[in-house]
There are 2 protein chains.
Amino acid sequence: MAENAGTRAQIIDAANRLFYVKGFEHTSFAAIAETVGISRGNFYHHFKSKDEILGAVIESRLRSTRAMLAEWDQEEPGPAERVRRFVEIVITNGTDIQNFGCPVGTLTNELAKLGHPARAQAVSVFDLFRTWLRTQFEELGFAVEADVLAMHVLAFSQGVATVSNAFHDGEFVQREVDRLHAWLDERLAHGPAPRSAH
Amino acid sequence: MAENAGTRAQIIDAANRLFYVKGFEHTSFAAIAETVGISRGNFYHHFKSKDEILGAVIESRLRSTRAMLAEWDQEEPGPAERVRRFVEIVITNGTDIQNFGCPVGTLTNELAKLGHPARAQAVSVFDLFRTWLRTQFEELGFAVEADVLAMHVLAFSQGVATVSNAFHDGEFVQREVDRLHAWLDERLAHGPAPRSAH
DNA sequence: CAGGAGCTAGGACGATTGTCCTAGCGAGGG
DNA sequence: CCCTCGCTAGGACAATCGTCCTAGCTCCTG
């Protein structure tokens, strides 16, 4: 039972990476088995189907994303710094993003094209970031615009990821990060939009 | 020979659409054959391999993109209007983008994950837009920044496409388009960055 | 020590993949 | 008329896919 959880976790970790690097459909059971170092037939003792592995991978991503956001909540002094921390992901994970794009965006799109039922589950990772970003902007006083701003930051990261993946241009990423930081500065300087009169 | 070109064009058109809707790897010969209405074995009289079809599809996209940009050059009175026309693509093709994302960005990323040699060829479609946008900004007087601005507009479209595909939110797309139009207005009002002293 | 449950290895399965081969169709030129 | 050549249909092919079955191993429990 102890080894069970270990093998299961190893499968999820290997599948998580492979789904990102090679795509979900292009990742075969044989590739995951080879990575983990177990036999192909052994999978079905841990997962009933490939879709079930996908579900476990997405849940794993949800957990690690939640943990990362909670860590940022603790480490960063305020909401503005937290948003900046998010923006900097495209630099922190620069190499992976250049090679494979954004893990969330690319998986969501692949599942959309496959018509896969787990698409909605994959989008929920996006929702995690969206809600978290919205909370930061709300704490900054943007009660009405918070979600709009959150979506804008999300779109920024996806745009940078896709173009970075296409052109392999690190300077472009840095420029766009600087640009968004400047945009955020300006937004914070002008303050939130006035509430509608009661 | 007349029918040859017709069948070949039909195969390319069907593959072009299917590669976009279902992805390159998930699109089988059987699916293309069924769409066109020919037998599976007949493919190899027109194309030696699936990769050759992919090459023909990308070349077809290059041609149609070039034609579209040339049309915009004629129809729009000035470079500013042309950039706006590009920005509006995410609305014009809104439905397809919500369902399948951007054809260029998603194919490029898929080929990157597959390690496919045609990746560079797919990126050249991006290059077409990049160069064209750069030309527009140069005509607007942004000699130094032209390419930076072009890349920013490119990243905008990719970000909007990916987030639109994830959340199926048409209002978000419209808001971001308005935002970029406002950004462009401001850029044009302030004028280009001063040249360095000779 | 005996027994059972958890876990693993290895292979069989039907389906589907991209690729290739061959026989036959139909029109155009000698 | 006949023969050639572009084009097509249909199936064979080896490989790989996800799935499933079964026998054997290990280790904890009684």
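Every chain is numbered from 1, with letters handed out A, B, ... down the list of sequences. Worth knowing before you read on, the calculation uses all heavy atoms, side chains too, and leaves out hydrogens, waters and symmetry mates.
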Query raised in the report: If you check the A:Ser49 side chain, which of D:dC17, D:dT19, C:dT8 turns out closest?
Result: D:dT19
Requested in this report: Kindly state which residues belonging to residues 13-21 of chain A come within less than 4.0 angstrom of DNA chain D, counting heavy atoms of the residue only, listed by number.
Outcome: none
Query raised in the report: Given D:dC17, is OP1 or OP2 found less than 4.0 Å from the side-chain N or O atoms of A:Ser28?
Result: yes
Query - Any A:Asn42 side-chain N or O less than 4.0 Å from OP1/OP2 of C:dA9 - result: yes
Query - B:Asp96 side chain near B:Tyr20 side chain, heavy-atom distance below 4.5 Å - result: yes
Query raised in the report: CD of A:Glu25 versus P of C:dT16: gap in Å, rounded?
Result: 14 Å
Report task. Look at the side-chain N and O atoms of A:Tyr44 and state whether any lies under 4.0 Å from the OP1 or OP2 oxygen of D:dT19. Result -> yes
Query raised in the report: Tell me: NE2 of B:His45 to C1' of C:dG24, nearest whole Å?
Result: 14 Å
Query raised in the report: Once you round it to whole Å, what is the distance between C1' of C:dC7 and CD of A:Gln10?
Result: 14 Å
Report task. Could you please name the option among D:dG10, C:dC7, C:dT19 that lies closest to any side-chain atom of B:Ser39? Result -> D:dG10
Requested in this report: Please report, rounded to the nearest Å, how far the P atom of D:dG6 is from the CZ atom of B:Phe43.
Outcome: 21 Å
Query raised in the report: Can you tell if the side chain of B:Leu107 reaches within under 4.5 Å of the side chain of B:Ile58, non-hydrogen atoms only?
Result: yes
**Report entry** Phosphate OP1/OP2 of D:dC7 contacted by B:Thr7 side-chain N/O (<4.0 Å)
**Finding:** no
Query - Integer-rounded Å distance: C:dC20 C1' and B:Glu52 CD - result: 14 Å
Query - B:Phe167 six-ring face occupied by A:Arg130 cation (under 6.0 Å, within 45°) - result: yes
Report task. Would you verify whether the NZ or CZ of B:Arg61 falls within 45 degrees of the ring axis of B:Phe19 while also being under 6.0 Å from that six-membered ring's centre? Result -> no
Report summary line: In whole angstroms, the gap separating C1' of D:dG18 from CG of A:Asp51 amounts to 10 Å
Report task. Would you mind reading off the distance between A:Lys50 atom NZ and C:dA15 atom P, rounded to a whole angstrom? Result -> 19 Å
**Report entry** Given A:Arg85, A:Glu81, A:Arg82, the one that forms side chain to side chain contact (heavy atoms under 4.5 Å, CB included) with A:Gln136
**Finding:** A:Arg82
Query - side chain to side chain contact (heavy atoms under 4.5 Å, CB included) assessment of A:Phe24 paired with A:Leu114 - result: CA-CA 10 Å; A:Phe24 167 67; A:Leu114 297 181; 4.0 Å; yes
Report summary line: Closest of C:dA9, D:dC17, C:dG18 to the A:Ile38 side chain is C:dA9
Query raised in the report: Do the non-hydrogen side-chain atoms of B:Leu154 and B:Phe86 ever get within less than 4.5 Å of each other?
Result: yes
Report task. Whole angstrom is fine here: how far is it from CZ in A:Phe47 over to P in D:dC20? Result -> 15 Å
Query - Below 4.0 Å: OP1/OP2 of C:dT17 and any side-chain N or O of B:His26 - result: no
